[in-house]
Trainee: 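Quick one: this structure, given as structure tokens, is what I'll be asking you about.
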Amino acid sequence: MVKIRTSRSKAPPAGFDDISDILQEFGDKLKDAQNAPTEGKKKNQLLWDIYRIHHQRSRYVYELYYKKEAITKELYAYLLKKGYADQNLIAKWRKQGYENLCCLRCIQGKENIHEGTCICRVPRKDIKDDKPVECVTCGCRGCASSD
Ligand SMILES: [Zn+2]
Ligand SMILES: [Zn+2]
């Protein structure tokens with residue numbers, strides 16, 4: 001789990017104030033998901049919520065920097081350092097074929113069925129039976145770039 005340390009010794013780079021509300025919102029959602037009642041839910045499903053929010057937050061930072069070019073390099077580095085975004089995941093998004101990757105486990109896990117690649121990475125047209133796509137790791141329902 002990504003830890004967010006709050007250190008007040010150094011002020012965040014310029015531009016941080018503009019996005020801090022949204023980051024705060026993600027943080028709140030994450031807390032809610034982590035404290036969600038476990039009754040009637042599978043452990044996997046609880047993790048899915050947490051994965052999803054982590055993903056959305058990383059995506060937000062990624063788009064700000066690489067797509068919208070709305071934040072400075074300095075602020076981007078700061079956000080990574082503070083754990084607001086997953087650097088490794090973002091590195092994958094920048095590679096062709098991985099633009100929508102849901103989480104790193106889906107391309108690493110040995111427990112995954114398709115030779116180290118999760119079912120959610122298989123393009124829909126290559127999935128034979130009309131099986132519902134739902135990955136065990138993060139609950140992704142398909143994130144192949146061609147979908
Ligand atoms: Zn996926
Ligand atoms: Zn995944």
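Atoms within a ligand are numbered from 1 in the order they appear, just like the ligands themselves.
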Trainee: Do any of the N, O or S atoms of Cys135 sit under 2.8 Å from the Zn ion (ligand 2)?
Mentor: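 Checking Cys135: none of its N, O or S atoms is under 2.8 Å.
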Trainee: Has the side chain of Arg121 got a donor or acceptor atom that lies under 3.5 Å from a matching backbone atom of Cys143?
Mentor: yes
Trainee: Only one of Asp49, Ile53, Ile50 passes side-chain contact (heavy atoms from CB on, under 4.5 Å) with Gln34; say which it is.
Mentor: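 Going through Asp49, Ile53, Ile50 one by one, the side-chain contact (heavy atoms from CB on, under 4.5 Å) with Gln34 is satisfied by Ile50 alone.
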Trainee: Do the charged groups of Lys29 and Asp32 touch, with an N to O distance under 4.0 Å?
Mentor: no
Trainee: So, Cys120 and the Zn ion (ligand 1): N/O/S under 2.8 Å, yes or no?
Mentor: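 Within the cut-off used here (under 2.8 Å), Cys120 does place an N, O or S atom near the Zn ion (ligand 1).
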Trainee: How are the rings of Phe26 and Tyr60 set to each other: parallel, tilted or perpendicular (split at 30° and 60°)?
Mentor: tilted
Trainee: If I take every N, O or S atom of Cys140, is at least one of them less than 2.8 Å from the Zn ion (ligand 1)?
Mentor: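 A backbone or side-chain N, O or S atom of Cys140 is under 2.8 Å from the Zn ion (ligand 1).
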Trainee: Using a distance threshold of 2.8 Å, state whether an N, O or S atom of Cys118 lies below it from the Zn ion (ligand 1).
Mentor: no
Trainee: Using a cut-off of strictly less than 2.8 Å, determine whether Cys143 has an N/O/S atom near the Zn ion (ligand 1).
Mentor: yes
Trainee: Does the separation of the ring centres of Tyr76 and Tyr66 fall below 6.0 angstrom?
Mentor: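 Ring centroids of Tyr76 and Tyr66 are less than 6.0 Å from each other.
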Trainee: What does the angle at the Zn ion (ligand 2) come to, between atom SG of Cys102 and atom SG of Cys106, rounded to 10°?
Mentor: 100°
